[in-house]
Amino acid sequence: MDRSAPCIDFALIGHQENWEKVSQLVNAMRNNEGIEELDIETIKQIFSYIPPRPVFDIQVNSINNKSVHGVYIETFIAPDQLDSKHLHQNLSKVKEACICATKLGVNIVSLGGFTSIVLETGNASLQNIEHNYFKTGNSLTAAFICEGINKASAQKRIQIADSSLLVIGSTGDIGSACVRYFSRKVKKLLLNARLEKRLQQQADELKKETIQCTASVNLNQLIPEADIIICVASSPVNEWDIKLLKANVIICDAGYPKNIVESLPAHLKKNSFNGGMGYNKLGFHFTPSYMKAFYSYPVPSASHGCLLESIVLSMEKKYEAFSTGRGSITLEKMNTILQMAKKNQIVLSPFFNSEGAW
Ligand code: NDP
């Protein structure tokens, strides 16, 4: 990586979704250094021992022929070790990655995927890291999810006002924002999460506002009624649940890993998409050019809303912790960041899933 690159506006901290992606990234790094490639079994043995580090520079083109510069910091957290058993070890790695970002003098840092967990306690675990703004990027993710549902419903001629919307992970940071956004727009809300108490509390509050909803920890009680589904949890959906889906259901899967979209039969995949994704109309470049190894989306310059949020804030020179904590995403925030993104040519991505774009 070229460390003499111009001032770094933003950093993205992340981890890989599966071993195939890990292998592609590790071998691209080794190729770049002129070292021989490793087989996946060897990579699995060593991967978790690699300390977090900057892996490539990112140049994002902006309006008026300007660009912003960032860096991707890989945590080297193994994709099959995201469970509570490895929590302590993973937190240490995320904090190490945050320290890397601080040393680079980065103005704003997005904590992508699992890594946003360190912000859950109101930044307490980051109190020793100064002069940087760390954020989840969930406001732009939630905004892209809601915009995606509006657009997909219009395309498929489904009336949102006559529809029942199921939110899987409804009590979470992104899920609760989607619930707020759609609460007065859909016919009925169907709410799902694992912890019954929190779920019931959410349903009770909505009912107090005379919003029609049903909450259940059992997906099979909700799926048959759903016309539209937003998945914002790493929820495994079993084959029995899949059989209960309506034939024309629209599914926005924004959770990781992608348990729902991946398990759908072909006729349902045509109405389902990876949610929370945006793309930069003006494009971006990686140095070294790991694009081929690292970038696997069928849509050029597509990226996660959570990562794009830092890029948008950098473009606007608004170095602030826009999205932090849990449950603090307001509709106003979603609209503000979405408008800022649009102004900078960052918009909702065309729809795609593992089968390609549609
Ligand atoms: P939170 O931890 O705030 O919320 C997770 C929600 O999912 C909670 O309601 C949780 O409730 C529920 N949940 C977790 N596991 C299950 C399960 N097995 N079945 C049903 N519900 C479940 O996370 P965020 O809102 O920050 O993120 C949600 C998802 O979105 C994650 O998978 C994350 O990786 C992904 N994400 C996607 C982005 C994108 O750009 N596409 C950007 C950022 C995040 P309970 O614990 O009660 O089950």
Side-chain angles (χ1 to χ4, degrees), residues 12-18 77 79 82-84 87 90 110-121 135-149 166-181 190-203 215-223 229-238 241 252-262 273-279 297 299 302-312 322-329 334 337-338 341 346 348-349 351-353:
L12 312 176
I13 295 180
H15 58 88
Q16 302 307 306
E17 288 163 33
N18 53 49
I77 291 174
L82 293 171
D83 51 7
S84 51
L87 188 64
N90 291 342
S110 260
L111 292 149
F114 164 86
T115 70
S116 67
I117 196 165
V118 295
L119 296 176
E120 278 186 15
T121 50
K135 41 182 281 314
T136 63
N138 283 350
S139 301
L140 189 55
T141 302
F144 280 144
I145 291 171
C146 296
E147 199 184 10
I149 291 293
L166 167 60
V167 182
I168 304 174
S170 65
T171 55
D173 194 35
I174 304 173
S176 57
C178 296
V179 167
R180 273 192 286 281
Y181 178 89
L190 307 166
L191 311 170
N192 171 260
R194 293 164 305 178
L195 297 175
E196 190 139 29
K197 199 172 159 199
R198 208 160 49 159
L199 190 61
Q200 271 315 323
Q201 208 176 332
Q202 184 181 41
S216 175
V217 294
N218 298 315
L219 264 183
N220 57 14
Q221 290 179 2
L222 305 171
I223 281 187
I229 299 177
I230 294 173
C231 180
V232 269
S234 47
S235 162
V237 174
N238 65 46
D241 294 333
C252 165
D253 191 350
Y256 285 95
K258 295 255 165 270
N259 296 314
I260 293 208
V261 164
E262 298 300 318
F273 58 97
N274 289 21
M277 306 295 295
Y279 88 111
Y297 301 125
V299 171
S303 186
H304 295 87
C306 59
L307 304 180
L308 290 170
E309 190 176 294
S310 275
I311 294 172
V312 171
F322 196 83
S323 311
T324 49
R326 284 280 172 270
S328 58
I329 302 173
M334 282 162 65
I337 192 75
L338 193 63
I346 292 179
L348 177 71
S349 164
F351 297 128
F352 67 87
N353 58 35

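The figures here come from the full heavy-atom set of this structure, side chains too, leaving out hydrogens, waters and symmetry mates. Order of appearance sets the numbers: ligands from 1, and atoms from 1 within every ligand.
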Requested in this report: Write down the atom of Ala254, the atom of Ile145, and the distance for their closest heavy-atom approach.
Outcome: CB-CD1, 3.6 Å
Query raised in the report: Do any N/O atoms on Leu195 end up under 3.5 angstrom from N/O atoms on ligand 1?
Result: yes
Query raised in the report: What about Ala233: any of its N or O atoms under 3.5 Å from an N or O on ligand 1?
Result: no
Report task. Would you mind listing which atoms of ligand 1 come within a distance below 4.0 Å of any non-hydrogen atom of Ala254? Result -> 30 (O), 35 (C), 36 (N), 37 (C), 41 (N)
Query raised in the report: Below 3.5 angstrom, do we get any N/O pair linking Gly172 and ligand 1?
Result: yes
Query raised in the report: For Asp173 and ligand 1, does the shortest N/O to N/O distance drop below 3.5 Å?
Result: yes
Report task. Identify the heavy atoms of Glu309 and Ser323 that sit nearest to each other, and give their distance. Result -> OE2-OG, 2.8 Å
Report summary line: So the atoms of ligand 1 within less than 4.0 Å of a heavy atom of Gly305 turn out to be 40 (O)
Report task. Check each atom of ligand 1 against the heavy atoms of Val232 and keep those under 4.0 Å away; list them by number with element. Result -> 5 (C), 6 (C), 7 (O), 28 (C), 29 (C)
Query raised in the report: Considering only heavy atoms, does Thr141 approach ligand 1 within less than 4.0 Å through its side chain, its backbone, both, or neither?
Result: side chain
Query raised in the report: Which heavy-atom pair separates Asn353 from Phe273 by the least distance, and what is that distance?
Result: CB-CA, 4.4 Å
Report summary line: Numbered in order shown, the ligand 1 atoms found under 4.0 Å of a heavy atom of Asn192 are 20 (C)
Requested in this report: Using atom types as modelled and distance alone, determine if a side-chain donor or acceptor of Asn274 lies under 3.5 Å from a backbone N or O of Gly276.
Outcome: no
Query raised in the report: Going by the atom numbers of ligand 1, which of them fall below 4.0 Å from some non-hydrogen atom of His304?
Result: 39 (C), 40 (O), 41 (N)
Query raised in the report: Any idea which heavy atoms bring Val299 and Ser349 closest together, and the distance?
Result: CG1-OG, 4.0 Å
Query raised in the report: Any idea which atoms of ligand 1 are less than 4.0 Å away from a heavy-atom of Thr171?
Result: 8 (C), 9 (O), 11 (O)
Requested in this report: Check Ser110 against Ser310 and note the closest heavy-atom contact, atom names and distance.
Outcome: OG-OG, 2.7 Å
Query - Atoms in ligand 1 with a heavy atom of Arg198 nearer than 4.0 Å - result: 11 (O), 45 (P), 46 (O), 47 (O)
**Report entry** side-chain contact (heavy atoms from CB on, under 4.5 Å) between Ile311 and Ile346, worked out
**Finding:** CA-CA 9 Å; Ile311 294 172; Ile346 292 179; 4.0 Å; yes
**Report entry** Part of Asn138 within contact of ligand 1 (heavy atoms, under 4.0 Å)
**Finding:** side chain
Report summary line: Separation between NZ (Lys197) and OG1 (Thr171), nearest 0.5 Å, reads 13.0 Å
Query raised in the report: ligand 1 and Gly275, any nitrogen or oxygen pair closer than 3.5 angstrom?
Result: yes
Query raised in the report: Which atoms form the tightest heavy-atom contact between Ile13 and Thr115, and what is the distance?
Result: O-OG1, 3.7 Å
